[in-house]
Amino acid sequence: MSALSSITRQQDVAGSSQQESARLEQARNTAVSFEGVTIGELLQPMFDTINTDDNMFSGGAAEEQFRSLQVLEMGKQIANSGGIGIADSVYRQILAMQEQAQSS
């Protein structure tokens, strides 16, 4: 094997490992994002039942209007801080589905 073909082969291996790493990172980010949205949806009913009318810091109509965005962001922060374990299961499922699609 010539030195040129050896270098080309090393570059191909490095490129494919970078692609694999990027694919895994994207799958992980997708799983964490899904967990964030799910946690936000689980928190929403709790915040819907809070009465803030008699609170000194009540935001009134503006608070009600943007509450869903606040709850979604809370869900994202919880997921980014370790979450409740949904992302791990979703990540494994994404990888399994990708492997199945590649083998077909």
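Not measured: the values here are computed from a predicted model. Numbering starts at 1 and runs along the sequence shown.
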Could you see if Val90 belongs to whatever hydrophobic cluster contains Ile78? Use Ile, Leu, Val, Met, Phe, Trp, Tyr and a side-chain cutoff under 4.5 Å.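 Yes; Ile78 is reachable from Val90 via cluster members.
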
Are Met74 and Met46 in one and the same hydrophobic cluster, where Ile, Leu, Val, Met, Phe, Trp and Tyr link if side-chain heavy atoms are under 4.5 Å apart?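 Met74 and Met46: one cluster.
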
Spell out, as yes or no, whether a donor-acceptor pair under 3.5 Å connects the side chain of Ser21 to the backbone of Ser17.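 No.
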
Counting distance only, does the side-chain N/O of Arg67 pair as donor-acceptor with the main-chain N or O of Asp48 below 3.5 Å?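 The answer is no, because no donor-acceptor pair under 3.5 Å joins these two groups.
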
Under 6.0 Å from the CD atom of Gln102, do we count more than 12 heavy atoms belonging to anything else shown?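 Enclosed: over 12 neighbouring heavy atoms sit under 6.0 Å from CD of Gln102.
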
Report, as yes or no, whether the 6.0 Å neighbourhood of atom CD on Gln26 holds more than 12 heavy atoms from other residues, nucleotides or ligands.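 No, not enclosed.
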
Residues in salt bridge (Lys or Arg N to Asp or Glu O under 4.0 Å) with Asp88, at least two apart?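 Asp88 satisfies salt bridge (Lys or Arg N to Asp or Glu O under 4.0 Å) with Arg28 only.
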
Identify all side-chain donor-acceptor contacts of residues 91-99 below 3.5 Å with residues at least two apart in sequence or on another chain.
{"from": "Arg92", "atom 1": "NH2", "to": "Ser89", "atom 2": "OG", "distance (Å)": "3.4"}
{"from": "Gln98", "atom 1": "OE1", "to": "Arg23", "atom 2": "NH1", "distance (Å)": "2.1"}

Any heavy-atom pair between the side chains of Leu69 and Glu73 that's under 4.5 Å?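 The answer is no, as the side chains (C-beta and beyond) never meet within the 4.5 Å cut-off.
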
Show me the donor-acceptor pairs within less than 3.5 Å that the side chains of residues 33-41 make with the rest of the protein, sequence neighbours left out.
{"from": "Glu35", "atom 1": "OE1", "to": "Ala87", "atom 2": "N", "distance (Å)": "3.4"}
{"from": "Glu35", "atom 1": "OE2", "to": "Ile84", "atom 2": "N", "distance (Å)": "2.7"}
{"from": "Glu35", "atom 1": "OE2", "to": "Gly85", "atom 2": "N", "distance (Å)": "3.1"}
{"from": "Glu35", "atom 1": "OE2", "to": "Ile86", "atom 2": "N", "distance (Å)": "3.2"}
{"from": "Thr38", "atom 1": "OG1", "to": "Phe34", "atom 2": "O", "distance (Å)": "2.9"}

